[in-house]
Amino acid sequence: MEKISDRFFNGEDYEAYKYFGAHPYKDGYVFRLFAPNALEVEVIGDFNNWNGEKHKMNKIDNRGIYELYIDEVKNDYELYRYNIKTKANKWIKKSDPYAFFSELRPNTASKTYNIDNYTFNDEKWMKKRSKGENTPLNIFEIHFGSFMKKSDGSYYSYEELAPLVLKYVKKHHFTHIEIMPLMEHPFDGSWGYQVSQYFSLTSRYGNPNQFRYFIDYMHKNNIGVIIDFVPVHFVKDETALCRFDGGFVYESYFIDKRYSQWDTLLFDYSKPEVMSFMLSCAYYYLKEFHLDGIRFDAISNMIYKDGNKNNGEQAANINWMKKTNNILSKNFPTAMLIAEDSSDYMNVTKPTFENGLGFDYKWDLGWMNDTLRYLKEDPYFRGYHLNLINFSMYYFYNEKFMLPFSHDEVVHMKGTIINKIHGSYEQKFQQLRTLYTYMFTHPGKKLNFMGNEIASFDEWNENKGIYFDILKYPLHSSFNKFFIDISSLYVNNKCLYVDEYNPSLFHWISCDNPNNVFIFERFYKKSSIVVILNFSSTQFEHYRFKVSKEKGYYEELINTDNIKYGGYNFINNYKIHIDSNKEIGIKIASFSAIVLKYRNDREKE
């Protein structure tokens, strides 16, 4: 039989899942486990009536590796656990940390599953996919259990979700979906962020091959798939990783380093075996499921204890991130590694050879917080807070940022995006259209949580499906039409995504005017787009400003006051010529946004 690689004990084994766990072998299954503190280990399951007397594992390595071949286990879905005798002479029953499938909660036994029996049909997608540097990246964040529900309240399976999700994201011009954590977890209300089984795809929606089918289906229709990954902490449930073999295998020996702010246990990355476990897990999902990216959750809590800079940097965690991102980038050069990081730690998206953390993108939570704070202000006072809008471009080029309006902003009494905006019911919709024009024309990749695109007033609830019936109301339906159009504008205009991290391709025309009108220009070769954002209640009959071009004209691509979006049609539906002073004049409705495209009949983009 195979021997364990020394890479596992050096923290560098990205294929540990191929050795540990339960794997088909000859006419049965071979089971392997790392339990360095165990005195004895048995494999128990339906095949031996949960009595492990005749299925005691052999200790094949003094560092704590156990192995057993069982010819009675022949099929997928066989239930099993490890029965472990601790140094305190107590027997404890544990799920397999490397199991590929598990029972549906509230049951917690592991299940055998052969992960080598699916053939992907996405070669065309895999050859052409990229990290999105010079392509539009418009992400739809989704929670599978509450996107849509069946009439009886039950979940759709991975296979059933495939055509439903595809139709929806295509309609709204999303390029990728990002799925909230799918690793097995006991409590629905944790949304998957408190994981019990890291290699075990949750059985709530089906088995691993059904999820592979879902990904295959998306890829064949040119939609990328990203998943959330939780590297910081895990549940305290006694059947999972907690005190796994009676000792501290995955968590710290030291109590002050053991517990997180979420009442969970922190991974101890000073242990090479933990490094290999989690590195191997990230590798597993990219390799075995053809995923197009991983979003790493709560990176600020990886960098600093409890995410607090005053607690100092956590060197072991930072070392693991650098090592993991380096290995993943080399093995999957076109897969995206995304950091959900609220800290001001430097070089998160710099390569590891430049002493960076090695992520490809970082969520710009500063942009999100500042923008929403600005919109909460009474428009009368917004002139005192212009920095909440113009500050983002002062630091934007420090990292490769992604602009998120995620699930975190629409739960826990925070209100939805539209509910955060100051003003009357109608004014909220006016400003929401302007907000999304700002988002889709600001440099940076885009992410929106499900429900944002229909201006949902209801906070997200994981127990309910998204209330799409809200589209029967005219302002919601009109906003959805606008969202589709602004999303289409983004993915179809190179000015808005090509080389967007190049500071020479963005120019503020006006960013400090107390009338709360912001104007900027984006460039691609000889082409340009001018964006006007009016966050005030003032309507301007003839607003003049300078542009970069000397000749030609501009035409309106989008005006949020268009009647089809629920506005009053105070629009510029004519050629807007550049005068001899390099100025143009336009009409601007209150709380509106306008996107202008430069035209010159003698030039082609």
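Quick note: residue numbers are just sequence positions, from 1.
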If only side-chain N and O atoms count, and only distance matters, is there a donor-acceptor pair under 3.5 Å linking S342 with S300? yes

Restricting to side chain to side chain contact (heavy atoms under 4.5 Å, CB included), what partner residues turn up for K330, sequence neighbours left out? N326

A162: partners by side chain to side chain contact (heavy atoms under 4.5 Å, CB included), with sequence neighbours left out: Y213, F214, Y217, M218

Pair Y395-D344, side-chain donor/acceptor within less than 3.5 Å: no

Residue K167 excluded, over 12 heavy atoms near NZ under 6.0 Å: no

Measure up the Y543 and F540 rings against each other and bin them: parallel (under 30°), tilted (30 to 60°), perpendicular (over 60°). perpendicular

Whether H577 and Y553 hold their rings parallel, tilted or perpendicular, with breakpoints at 30° and 60°: tilted

Strictly by side chain to side chain donor-acceptor pair (under 3.5 Å), give each pair with a member in residues 169-178 just once, sequence neighbours left out. H172-N480

Examine the side chains of N562 and E556 and answer whether a donor and an acceptor come within less than 3.5 Å of each other. no

So, do Y501 and F401 have ring centers that fall under 6.0 Å from each other? no

What orientation do F289 and Y285 show, parallel under 30°, tilted 30 to 60°, or perpendicular over 60°? parallel

Under 6.0 Å between ring centres, would you say that holds for F449 and W460? yes

Test item: M368 and W363 side chains (from C-beta on) under 4.5 Å apart, heavy atoms: no

How about F359 and F296: are their ring centroids closer than 6.0 Å? yes

Flag side-chain contact, heavy atom, 4.5 Å: F140 against E453: yes

Kindly confirm or rule out a cation-pi arrangement of K445 over Y361, judged by NZ or CZ under 6.0 Å from the six-membered ring centre and within 45° of its axis? no

If you compare all heavy atoms of L357 against all heavy atoms of V348, which two are closest, and at what distance to 0.1 Å? CB-O, 3.5 Å

Stacked cation flag R382 on Y374, 6.0 angstrom / 45 deg: yes

Sequence neighbours excluded, every pair satisfying side chain to side chain donor-acceptor pair (under 3.5 Å) that has a member inside residues 383-394: S392-H442

Could you tell me whether D561 and K587 have a side-chain N and a carboxylate O separated by less than 4.0 Å? no

For residues 124-133, pull every pair meeting side chain to side chain donor-acceptor pair (under 3.5 Å), keeping only residues two or more places apart or in separate chains. W125-H219, W125-D292, K128-N222, R129-D292, R129-T334, K131-D360

Kindly state each residue pair satisfying ring-ring contact (aromatic ring centres under 6.0 Å, His included) with at least one member in residues 328-356, sequence neighbours excluded. Y283-F332

Pair Y438 + F518: ring centers closer than 6.0 Å: no

Without hydrogens or angle criteria, can the side chains of K597 and N493 be said to hold a donor-acceptor pair below 3.5 Å? yes

Once you measure the plane-to-plane angle for Y425 and F429, does it fall in the parallel (<30°), tilted (30-60°) or perpendicular (>60°) bin? perpendicular

Going through the checks in order, is the salt bridge (Lys or Arg N to Asp or Glu O under 4.0 Å) test met by K564 and D485? CA-CA 11 Å; K564 68 180 178 179; D485 283 357; 3.6 Å; yes

